[in-house]
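These notes are about the structure you will find just below.
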2 protein chains.
Amino acid sequence: MQRFKVGELVVDSGTPILMEGSNSPQLFTVLHGMGLRYKILSNGRRQVVSLIFPGDFLGLQAGIMGEMGHSVEATTKMTLCVFDRSEIWSFFKERPERAFALTWLAAVDEHFLGETLSTLGQRSAIQSIAWALVRVFSRGQSLDMVHNGKMPFPFKQQDIADALGLSLVHTNKTLGKLKEQQLAHWSDGTLRVSDLETLAKIAMVDDLTPAKRPIL
Amino acid sequence: MQRFKVGELVVDSGTPILMEGSNSPQLFTVLHGMGLRYKILSNGRRQVVSLIFPGDFLGLQAGIMGEMGHSVEATTKMTLCVFDRSEIWSFFKERPERAFALTWLAAVDEHFLGETLSTLGQRSAIQSIAWALVRVFSRGQSLDMVHNGKMPFPFKQQDIADALGLSLVHTNKTLGKLKEQQLAHWSDGTLRVSDLETLAKIAMVDDLTPAKRPIL
DNA sequence: CGGATCATTGAAGTCCCTCAAGTCCTGTGG
DNA sequence: CCACAGGACTTGAGGGACTTCAATGATCCG
């Protein structure tokens, strides 16, 4: 991969990285930090498409289709590994195993988007929030970010509300219920899950084994 | 592509084609007919992930990740072009331009899933249904299925309800409103859109040009 | 200390859901 | 030929999950 690597980029929290509709000349993989993918509708409402963790690949749509379908923003300080979009094609020609890994990543993303879709369409508010926390915590575990049952979770309640299609108020009250029941505490940027089993049951998640992801 | 083609498959309406969690040895592209991608949650509710039109590729997740994230079912009689899953790898090694097209398809799917997510999360019922009809009609136009403002649309109201996370009853009443306003009529398996502009405005869709899709 | 941002809580309203019938159509069997 | 059953669509009524509006704390920072 070193051959295609252009350099590293460090951005502050709040920095826009990719814009919906743009054709970025650069693609990224996340080395450190967290972020958000989101879309803004013409009525001003925001849909958070996914949370971004280390290891995620950013800009596939621009790289392949020539146009991003969503925007990407840094939630914390992030460091990114930068690639040149124009190299993508030589990628496919000369490094088929890497091209395959790229497609794998796309397939994994698609898989999770399907899960998210099911959440927005079919789960109640408490089920949705439980699902989101289970998802985040599982991902955190596989990234070794969990220590003593806690992991960093630097998002705002508004972010989760926008991710789940709920209002901020209702998101807050529903988080309160999970806290009351001693299932999950989230405050000051850290998430503590006390009873992952029960949380997963509420969330209607049956498979807690994290999905395999290729490394670029 | 002929080299990789195993054969053609014709299935009746209602036939399951791929099952969630399975690792199908076969992949398909749709030559004729329509179908559904869907997931079933443990509480029995169904989320329709997308409608399937001719030209769609089925089984990418099984081909790449080894496991389908959703099921696929035929809504009409369908004829499918069948490929061997084990050929995917040689695909990447020997036909990089085809591998690229495959990844392109994955990226397009991901793009549309993001749109769908925004619909479930941020649009009201009438906006959602208008959005779905605009999407279907646009796709129909680019596939030359539209004649005299009409196109075949062989789904049930329950399918659309499950796709948008709405109840059947409310879906029915909302479709009624669009009919009242002379914007779209859907009955007996055919969809007639009288005023695509206005429908798109309700749906908050600003770009009516259909997305480019590669052909496999 | 004033301003900004985020979290929290109360109250009122509404969009959408569930429950429940009823219609229309098609196919099937007596 | 008619009775009946099943499936999809339609319509009405009532209730509830979630939204919006509004106000208050809490924390941080120039």
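Within every chain, numbering begins at 1; the chains are lettered A, B, ... in the order of the sequence lines, protein sequences first and strands thereafter.
In this structure, the side chain to side chain contact (heavy atoms under 4.5 Å, CB included) partners of A/Glu197, at least two apart in sequence or on a different chain, are A/Asp195, A/Leu208. A/Ser42 meets the side chain to side chain donor-acceptor pair (under 3.5 Å) test with no other residue; sequence neighbours excluded. Under the rule for a salt bridge (Lys or Arg N to Asp or Glu O under 4.0 Å), B/Glu67 has no partner lying at least two apart in sequence or in another chain. Among residues two or more places apart in sequence or in another chain, the salt bridge (Lys or Arg N to Asp or Glu O under 4.0 Å) test is passed with B/Arg213 by B/Asp56. A search for salt bridge (Lys or Arg N to Asp or Glu O under 4.0 Å) contacts involving B/Glu110 returns nothing, not counting sequence neighbours.
Listed by residue number, A/Val169, A/Asn172, A/Lys173, A/Lys179 are the residues of residues 165-180 of chain A with a heavy-atom contact under 4.0 Å to DNA chain C. Against DNA chain C, the stretch residues 113-127 of chain A makes no heavy-atom approach under 4.0 Å. For the contact set between residues 150-164 of chain B and DNA chain D, defined by any heavy atom under 4.0 Å, the members are B/Lys156, B/Gln157.
Note that the first and last nucleotides of DNA chain C, 5' to 3', having any atom under 4.0 angstrom from a heavy atom of chain A are C/dC6 to C/dA11. For DNA chain D, the outermost nucleotides in 5' to 3' order that have an atom under 4.0 Å from a heavy atom of chain A are D/dC18 to D/dC21.
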In a table with atom names and distances, give each donor-acceptor pair under 3.5 Å that connects a side chain of residues 183-192 of chain A to protein atoms at least two apart or in another chain.
residue, atom, partner, partner atom, Å
A/Trp186, NE1, A/Phe153, O, 3.4

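Residue pairs meeting the side-chain hydrogen bond (donor to acceptor under 3.5 Å, both in side chains) criterion with at least one partner in residues 153-162 of chain A, sequence neighbours excluded, are A/Arg46-A/Asp159, A/Arg46-A/Asp162, A/Gln157-A/Asn172, A/Gln158-A/Asp162.
Nearest approach of A/Ala163 to A/Leu120, heavy atoms of both residues: O-CD2, 3.7 Å.
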